[in-house]
S.K.: 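Here it is: the structure, laid out below.
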Amino acid sequence: MSSPIGVFDSGYGGLTILRQMRQLLPQYDYLYLGDNARAPYGSHSFEVIYKYTLQAVEALFARGCKLVILACNTASAKALRTIQERDLPGIDPNRRVLGVIRPTVEAIGPLTKTRHVGLLATAGTVNSGSYTLEVHKLWPDITVTGQACPMWVPLVENYEFDSPGADYFVKKRIEGILRVDPKIDTLILGCTHYPLLMNKIVKYTPPGVRIVPQGEYVAESLKKYLAKHTAMEAQLSKQGRVHYLTTESAEKFRESAALFMHEMVDVETISL
Ligand code: DGL
C-alpha cells in the first residue's frame, strides 16, 4: 500500500498549504481530504470539531497515510492535542498527526519589530487561545491580539473572495484589529482559507504591517520534520502523485479546485 502524506482541512483552505508543500517537497505523494459537506468548522463547538477531525484522520490512516497534516487552524487549535495524546497511542503509536499553528508561531518571532502581533482567524481558533499560548511559550515578550473573521471562510467557500462584497468584511476586520492594537506590525493569517482573500487583505492593510500567510512556514517545517524523522520519511511513497477526497460532490470540488488552484484534480467523494 502506498503511503501518501495526508492533508486535511474542513474545505478548500488546506489547498493553500498543500500548494506550498508540493512546491517545496514535490517528490512525495499527497492525499488531500476536504470535509466540504460539513464546512465551515469555525463556529462549531470543541466536541464537534474534535469528532469531525478524528473521523477525517482515521479515514486518511485507512487509506495508507502514516503522517497527517491538519492544514486547518480550527482543527489544529481544537483537536490536535487530544488526538495526539489520547487517540494516537491506541490507533497506532507509529503514525503522526501534525498541525499548522506551531510552525507559524515559530516563524513570527523574528518578523515582528514592535512585538505586537495580530491574529486573524475563525472564532474557534481565536477563542481557543491556542495561538497566544503557543506564542508565549516561544516568545513571551510578544503581545497577541485576536480578531475573529466569521464571514471570511464563507466568502471563500462561496467563491466571493474577489467580489465587491468581500471588501466590506475584509476592511471591517483589518481596521477593527488595528484599532484595538495600533502597534501591530505583523498580521498572522491564522486560517488556511485566508490567502485566497489576499488581494483584498493587501488592499486594506497599511504599509508597514506585514501579512503572514502560513503555507511557506508549514512546508518548511514539514521538510525539517522529515529530515529529522528518517524512519517516517522512509515509509512515505514518492511518486509525486496527488489525489483528492471530499465529503461533498466530486464535481463541485473539481470546479472549485480549478478556480482556487488553476488545476484539474483527480477527486473522489467519501463519507466520514
Ligand atoms: N481552513 C480552516 C482554518 O484554517 C477554516 C475553518 C473553517 O472551516 O471555518 O481554520
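For ligands, and for the atoms within them, numbers begin at 1 and follow the listed sequence.
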S.K.: Pairing donors with acceptors under 3.5 angstrom, does anything connect the side chains of R81 and Y50?
M.R.: no

S.K.: When you measure from the centre of the six-membered ring of Y30, is the NZ or CZ of R22 closer than 6.0 Å and no more than 45° off the axis?
M.R.: no

S.K.: Give the contacting part of T122 toward ligand 1: side chain, backbone, both or neither, where contact means a heavy-atom distance below 4.0 Å.
M.R.: side chain

S.K.: Is there a nitrogen or oxygen of T125 sitting under 3.5 Å from a nitrogen or oxygen of ligand 1?
M.R.: no

S.K.: Any atoms of ligand 1 less than 4.0 Å from a non-hydrogen atom of C191? List them with their elements.
M.R.: 1 (N), 2 (C), 3 (C), 4 (O), 5 (C), 10 (O)

S.K.: Could you please spell out the steps behind the side-chain hydrogen bond (donor to acceptor under 3.5 Å, both in side chains) verdict for E47 and Y52?
M.R.: CA-CA 9 Å; E47 287 75 19; Y52 288 179; over 6 Å; no

S.K.: Between A39 and ligand 1, which residue portion shows a heavy-atom distance shorter than 4.0 Å: side chain, backbone, both, or neither?
M.R.: neither

S.K.: Quick one about T74 and Y41 (side-chain donor to acceptor, distance below 3.5 Å, no hydrogens or angles considered), yes or no?
M.R.: no

S.K.: Could you list the atoms of ligand 1 found under 4.0 angstrom from a heavy atom of S10?
M.R.: 5 (C), 6 (C), 7 (C), 8 (O)

S.K.: I'd like to check which ligand 1 atoms, numbered from 1 as shown, lie under 4.0 Å from a non-hydrogen atom of G42.
M.R.: 7 (C), 8 (O), 9 (O)

S.K.: Among all protein heavy atoms in this structure, tell me which lies nearest to atom 10 (O) of ligand 1, with the distance rounded to 0.1 Å.
M.R.: T74 OG1, 2.6 Å

S.K.: Could you identify the single nearest non-hydrogen protein atom to atom 3 (C) of ligand 1 and state the distance to 0.1 Å?
M.R.: N73 N, 3.3 Å

S.K.: Got an N/O contact under 3.5 Å between D9 and ligand 1?
M.R.: yes

S.K.: Do Q235 and N94 have side-chain atoms, one donor and one acceptor, less than 3.5 Å apart?
M.R.: no

S.K.: For atom 7 (C) of ligand 1, find the nearest protein heavy atom and state the residue, atom name and distance (0.1 Å precision).
M.R.: Y41 N, 3.2 Å

S.K.: Whether the N36 and T247 side chains hold a donor-acceptor pair (N or O, under 3.5 Å, no angle test) is what I'd like checked.
M.R.: no

S.K.: So, do F253 and Y12 have ring centers that fall under 6.0 Å from each other?
M.R.: yes

